[in-house]
Student: 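Here's a structure for you.
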2 protein chains.
Amino acid sequence: MTAPALQSWQSVQAEVMRRINERVWLPGAIIPNEAELAAEFGCARATVNRALRDLAEKGLLDRRRKAGTRVTVNPVRKAILDIPITRHEVERRGAVYRHALIEQQRTSPPPVVAGWLNLAPDTEMLHQRALHLADSQPFLYEDRWINIAEAPQILDVDFDTISANEWLVQNVGFTKGDLTLSAANADPVEAELLATQEGAALFVVDRTTWNGAAPITQVRLAYAPGFRMQTTI
Amino acid sequence: MTAPALQSWQSVQAEVMRRINERVWLPGAIIPNEAELAAEFGCARATVNRALRDLAEKGLLDRRRKAGTRVTVNPVRKAILDIPITRHEVERRGAVYRHALIEQQRTSPPPVVAGWLNLAPDTEMLHQRALHLADSQPFLYEDRWINIAEAPQILDVDFDTISANEWLVQNVGFTKGDLTLSAANADPVEAELLATQEGAALFVVDRTTWNGAAPITQVRLAYAPGFRMQTTI
DNA sequence: CAGGTTAATATGTGCAGACATAATATTAAT
DNA sequence: ATTAATATTATGTCTGCACATATTAACCTG
């Protein structure tokens with residue numbers, strides 16, 4: 001007898017996932033090739049290809065031309081982190097967003113920052129320290145360096161109306177970025193701004209964005225205690 | 001004159017990204033439909049579809065049937081976090097991996113954990129506390145609850161040979177999982193195990209995995225100070 | 001003019017066939 | 001026996017076509 005045809009790539013994918021999960025196909029084992037699966041499922045090879053390609057991207061299958069497709073032995077699962085602008089992050093929590101510029105000046109960055117950005121140490125940049133608030137409570141403290149050469153209009157922006165974060169996302173864009181997540185003890189300045197105690201554990205995000213080879217901005221985000229970043233695997 | 005044909009979906013995608021990045025197509029603006037782009041680029045509509053669908057997944061385009069395709073105004077960029085097994089994470093850093101089981105017992109979970117897992121509070125589970133080491137230095141402290149009903153063979157595992165983490169990845173698998181990242185101050189026990197001081201800021205990962213509706217395991221990972229999780233946007 | 005029905009349209013996805021490409025296996029040559 | 005050339009194979013992707021589906025726009029109808 002023939003099984004009912006699986007003719008959508010999602011249903012093919014679901015069936016393949018079932019076989020992986022229920023150990024019909026063991027980790028490390030090679031699975032039938034696309035043509036065979038297409039014949040079994042009663043669909044076109046392109047449909048099987050779409051299903052398997054997607055599973056390979058998710059890390060559940062290893063695929064190599066000629067060698068075939070295998071079930072990954074130690075699947076490196078992938079979690080997708082959304083990186084929204086801070087205002088949306090606050091508003092999604094149902095809170096009223098506000099931001100306050102603490103300090104802004106044109107100056108050259110410390111050697112460490114210049115090094116990260118591949119810029120000469122004496123390059124004049126825009127340095128900003130700002131606080132993002134949720135329902136008037138400190139939410140996030142931001143320490144940002146902006147490469148003026150790549151975003152000259154930033155000098156005319158009214159930062160009471162829009163945060164640098166949002167302005168940059170809307171007006172400059174970037175082609176690639178680095179993201180580092182870590183934990184740090186609050187220093188005295190951070191503790192006061194975030195209304196917590198010195199030494200409190202802060203969730204910290206360091207982000208550097210580039211437009212081609214040119215650095216756009218480097219920012220350190222220190223979230224107020226209690227912040228949790230959530231996602232699914 | 002006609003431009004040279006872009007006949008691979010990557011080259012179409014590159015051209016579309018260029019137009020977004022260089023503001024040929026402004027944020028919020030509608031872009032030509034797939035058929036028009038296919039005609040312009042000299043390729044099939046399916047090729048354009050593949051390129052645009054991928055950009056929509058990355059958050060750079062908004063697509064809706066009939067309404068067309070628009071450049072996202074506030075792109076929610078997505079970062080992909082790899083979740084490898086801890087041994088591989090240590091070995092990728094060039095260190096020698098070792099793990100030590102601190103404590104293991106069959107007992108019922110605290111109400112909080114039972115609640116997360118949707119299990120009756122009196123369900124007997126396997127509770128483990130373990131330390132993962134990199135070059136004999138504490139790397140990660142793990143506090144794990146395992147649902148015995150979903151992984152009965154776990155009771156026969158020799159945890160000197162393999163960590164629960166690795167055994168579960170290889171032998172049970174899961175269909176979905178929740179992941180929460182946060183920062184916490186080290187309590188006295190954690191401080192001693194991780195060879196640091198009480199109150200040190202620790203990077204903490206809470207992970208719960210499910211097989212369909214059945215919970216598999218809930219684990220809290222507290223990384224030793226200095227740990228940084230890195231990725232690209 | 002309000003509200004519901006119908007038509008139009010852009011994306012989503014399926015199919016069959018073809019060729020490209022990478023990697024392996026086989027064969028031939030030295 | 002070792003190395004180089006060649007054949008084989010599974011995945012990767014393009015084409016052209018078709019139909020499905022979601023959503024908007026247009027059209028009635030009272």
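Values below: all heavy atoms of this structure, side chains included; hydrogens, waters and symmetry mates excluded. Just so we're on the same page: letters track the sequence lines, and every chain starts at 1.
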Student: For a salt bridge (charged side-chain N to carboxylate O under 4.0 Å, His left out) check, start with the C-alpha distance between B:Arg45 and B:Glu40, then their side-chain angles and the critical distance, and finish with the verdict.
Tutor: CA-CA 11 Å; B:Arg45 187 170 77 88; B:Glu40 183 192 345; over 6 Å; no
Student: For the pair made of CD1 in A:Ile31 and C1' in D:dA10, what is the distance, rounded to whole Å?
Tutor: 12 Å
Student: Check the distance between C:dT11's P and B:Glu57's CD and give it to me in whole angstrom.
Tutor: 16 Å
Student: May I ask you to say what A:Ala35 touches in the nucleic acid, namely base, sugar-phosphate or nothing, with a heavy-atom cut-off under 4.0 Å?
Tutor: nothing
Student: Nearest to the B:Arg45 side chain among C:dT13, C:dA16, D:dT24, which nucleotide is it?
Tutor: C:dT13
Student: Is any side-chain N or O of A:Thr69 closer than 4.0 Å to OP1 or OP2 of D:dT11?
Tutor: yes
Student: Base, sugar-phosphate, or nothing: which does A:Arg50 touch, judged by heavy atoms less than 4.0 Å apart?
Tutor: sugar-phosphate
Student: Should A:Asp54 and A:Arg50 count as an ion pair when the cut-off is N to O under 4.0 Å?
Tutor: no
Student: Closer than 4.0 Å, any side-chain N/O of A:Arg63 to the OP1 or OP2 of D:dG12?
Tutor: yes
Student: Please give, in whole Å, the distance from C:dG12 C1' to B:Leu55 CG?
Tutor: 16 Å
Student: Which nucleotide, C:dT13, D:dA10, C:dT11, lies nearest any side-chain atom of A:Trp9?
Tutor: C:dT13
Student: May I ask you to decide whether A:Arg98 forms a salt bridge with A:Glu91, counting only side-chain N to carboxylate O separations under 4.0 Å?
Tutor: no
Student: Could you go step by step and tell me if B:Glu34 and B:Arg63 meet the salt bridge (charged side-chain N to carboxylate O under 4.0 Å, His left out) rule?
Tutor: CA-CA 11 Å; B:Glu34 294 185 349; B:Arg63 320 195 74 199; 2.7 Å; yes
Student: Please tell me if A:Asn49 has a side-chain N or O lying less than 4.0 Å from either OP1 or OP2 of D:dT11.
Tutor: no
Student: Can you check the B:Arg70 CZ to C:dT9 P distance for me, whole Å?
Tutor: 17 Å
Student: With the side chain of A:Thr47 defined as its heavy atoms from C-beta on, choose the nearest nucleotide among D:dG12, D:dT24, C:dG14.
Tutor: C:dG14
Student: In whole angstroms, how far is the C1' atom of D:dA18 from the CD atom of A:Gln7?
Tutor: 14 Å
Student: In whole angstrom, what separates A:Glu34's CD from C:dA16's C1'?
Tutor: 15 Å
Student: Rounded to whole Å, please give me the gap between CG in A:Leu61 and C1' in D:dA10.
Tutor: 14 Å
Student: Heavy atoms only, 4.0 Å cut-off, all strands: where does A:Gln10 land among base, sugar-phosphate and nothing?
Tutor: sugar-phosphate
Student: The side chain of A:Arg65 is closest to which nucleotide in this list: C:dA22, D:dT15, D:dA22?
Tutor: C:dA22
Student: Which nucleotide in the set C:dT24, D:dT24, D:dT11 lies at the smallest distance from any side-chain heavy atom of A:Lys66?
Tutor: C:dT24
Student: Between A:Arg64 and A:Ala46, which residue's closest nucleotide on DNA chain C lies nearer the 5′ terminus?
Tutor: A:Ala46
Student: Taking NZ, NE, NH1 and NH2 as the nitrogens, is one of them in B:Glu89 or B:Arg92 under 4.0 Å from a carboxylate oxygen of the other?
Tutor: no
Student: Under 4.0 Å between a side-chain nitrogen and a carboxylate oxygen: does that hold for A:Arg77 and B:Asp82?
Tutor: no
Student: In whole angstrom, what separates B:Leu37's CG from D:dT15's P?
Tutor: 14 Å
Student: Taking the side chain of A:Asn33 as heavy atoms from C-beta outward, which of D:dG12, D:dA10, C:dT13 is closest to it?
Tutor: D:dA10
